[in-house]
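The structure presented is a predicted model; accordingly, all values stated were derived computationally and were not measured. Whatever order the structure lists ligands and atoms in, that order sets their numbers, starting from 1.
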Amino acid sequence: MSHASDDPQPLTASPGAPLRGALKPPGDKSISHRAMILGLLAVGETRVEGLLEGDDVLRTAAAAEALGAGVERLGEGRWLVRGVGIGGMSDPAATLDFGNAGTGSRLMMGVVGGQPVTATFDGDASLRSRPMRRILDPLVKMGTEVVSEAAGGRVPLTLRGPREAIPITYETPAASAQIKSAVLLAGLNAPGTTTVIEAAATRDHTERMLRLFGAEVAVTPHGPGGQGRAVALTGQPTLRGTDVIVPADPSSAAFPLVAALVVPGSEVTLRGVMMNPLRIGLITTLLEMGAEIERTNEREEGGETVADLRVRASRLKGVDVPPERAPSMIDEYPVLAVAASFAEGTTRMAGLHELRVKESDRLEAVAAGLEANGVRFEVQGDDLVVHGDGAAPQGGGTVATHLDHRIAMAFLVMGLATREPVTVDDGAMIATSFPSFLPTMRELGGRIEA
Ligand SMILES: O=C(O)C1=C[C@@H](OP(=O)(O)O)[C@@H](O)[C@H](O)C1
Ligand SMILES: C=C(OP(=O)(O)O)C(=O)O
């Protein structure tokens, strides 16, 4: 895991004055990828508002264009996609380079894998290290040919899709919205019903957006306690281009939110944050820890509930975070570990195995960052246990980010409130999901310098 970007940008966060102000976090990354992808697969025009213009999503937009869509930027966050319809894609002239993006690459593998096109997928050193077998296995059952792949089922890899996909029923081996989505997207070109069964419900943006574009998707509770889902898609619908409004990303909101909790005297309002129940495990957890987070002005935006969150600096206490909460906060554990290091008592985060296959091995990367900054913790199997004593950790460390935006942002948040500044070795990847992170944090009063 010695990956670094071509042009590493070290950043240092220093403790300082309280954070104050209001902001709207950037558009949701998951929904932004899906808007581009369904825009490609629809007939007619899709207009997107509030698109996250982060590197990950821009790569998905470029891939949609390479597969035949017309993609045009109309203004800030406003995009127009002219779709080709299911079955209407053409072979891209060059390799589809997804950069750092697991979601973009894996969902597009589902698209290509279900249609009569051939495409090569690649990405940066981080993406090249991530497992793709979890996507290829169901796609092969649906008729996709894996023409070539790097060792261990990784990118670069080339897929050739069938004339028509085979409809399957697939039980996902991991709680992963990316696996679920890839199978459903391939199922769009299957003559019959494609069903995905997941043991624990994961984010449901693909299902919601498929319906918005005109597909028939039936979702029923599954398994003991009804915690899982069976998602059944009726194949070969005509998807019609439509308007998509992208709400603010709760996973990006998490960084200024935790910063406001741990920097003494802070008060910050986050506007229009998506409150999809399958995405807000972090807020549930922070409330249990004693965080003052007031949820106001709830309203509907683009088919999702959004709210304003008023956050005040709070005395946090340690809690147990149950493993079944992981899917609803999977990307938020690095910043939760930071919050836990300021809390009084022990926070146990259980069942974090999926963190090992993100942009970095996040369990290892978080542990190393805590270690470097004087936080007491243990990694017990796939659990992370953080011991806080209700005071600011020492800080003063340099954190290796391993091409991982969330590791970079989490430890910069930490450094706004530790006793000594915290340095991250490379902040370049922050642009993948939260390009305005630095100006946003600085506007609130945070001291983060190159
Ligand atoms: O479907 C999505 O948009 C995402 C699903 C999650 O990944 P997994 O499906 O691997 O859990 C998450 O970590 C990622 O940031 C976005
Ligand atoms: C895991 C993440 O993204 P992806 O899988 O799309 O690279 C993330 O954004 O934290």
Please examine the side chains of R356 and E364, heavy atoms only from C-beta on, and report whether any two atoms are closer than 4.5 Å. yes
Considering only heavy atoms, which protein residues lie less than 4.0 Å from any atom of ligand 1? K29, S30, R34, T103, A175, S176, A177, Q178, R203, I330, D331, K358
Give a yes or no answer on whether the side chain of R208 reaches the backbone of G303 with a donor-acceptor pair at less than 3.5 Å. yes
Is it the case that the side chain of T144 and the backbone of G113 share a donor-acceptor pair, with hydrogens and angles ignored and the cut-off at 3.5 Å? yes
Does a side-chain N-to-carboxylate-O contact under 4.0 Å join D383 and R348? yes
Any carboxylate oxygen within less than 4.0 angstrom of a Lys/Arg side-chain nitrogen, looking at R295 and D308? no
N/O pairs closer than 3.5 Å, ligand 2 and protein:
residue, atom, partner, partner atom, Å
ligand 2, 3 (O), K29, NZ, 3.1
ligand 2, 3 (O), E359, OE2, 3.0
ligand 2, 5 (O), R130, NH1, 3.4
ligand 2, 5 (O), R130, NH2, 2.9
ligand 2, 5 (O), Q178, NE2, 3.0
ligand 2, 6 (O), K29, NZ, 3.4
ligand 2, 6 (O), G102, N, 3.4
ligand 2, 6 (O), T103, N, 2.8
ligand 2, 6 (O), T103, OG1, 2.5
ligand 2, 7 (O), G102, N, 2.8
ligand 2, 7 (O), R130, NH1, 2.8
ligand 2, 7 (O), E359, OE2, 2.9
ligand 2, 9 (O), K29, NZ, 2.7
ligand 2, 9 (O), H405, NE2, 3.2
ligand 2, 9 (O), R406, NE, 3.3
ligand 2, 9 (O), R406, NH2, 2.8
ligand 2, 10 (O), D331, OD1, 3.3
ligand 2, 10 (O), D331, OD2, 3.3
ligand 2, 10 (O), R362, NH1, 3.0
ligand 2, 10 (O), R362, NH2, 2.9
ligand 2, 10 (O), R406, NE, 2.6

Contacts table for residues 335-343: side-chain donor-acceptor under 3.5 angstrom, sequence neighbours left out:
residue, atom, partner, partner atom, Å
S341, OG, V338, O, 2.7

Just list the side-chain donor-acceptor pairs under 3.5 Å for residues 94-108, sequence neighbours left out, or say none.
residue, atom, partner, partner atom, Å
D97, OD1, R59, NH1, 3.3
D97, OD1, G99, N, 2.9
D97, OD2, R59, NH1, 3.3
N100, ND2, D124, OD2, 2.9
N100, ND2, L403, O, 3.2
T103, OG1, Q178, NE2, 2.8
S105, OG, A101, O, 2.9
S105, OG, G102, O, 3.0
R106, NH1, Q178, OE1, 2.6
R106, NH2, P131, O, 2.7

Could you tell me whether a side-chain N or O of R154 sits under 3.5 Å from a main-chain N or O of S129, the two making a donor and an acceptor? yes
Check L139 against A186 and note the closest heavy-atom contact, atom names and distance. CD2-CB, 3.6 Å
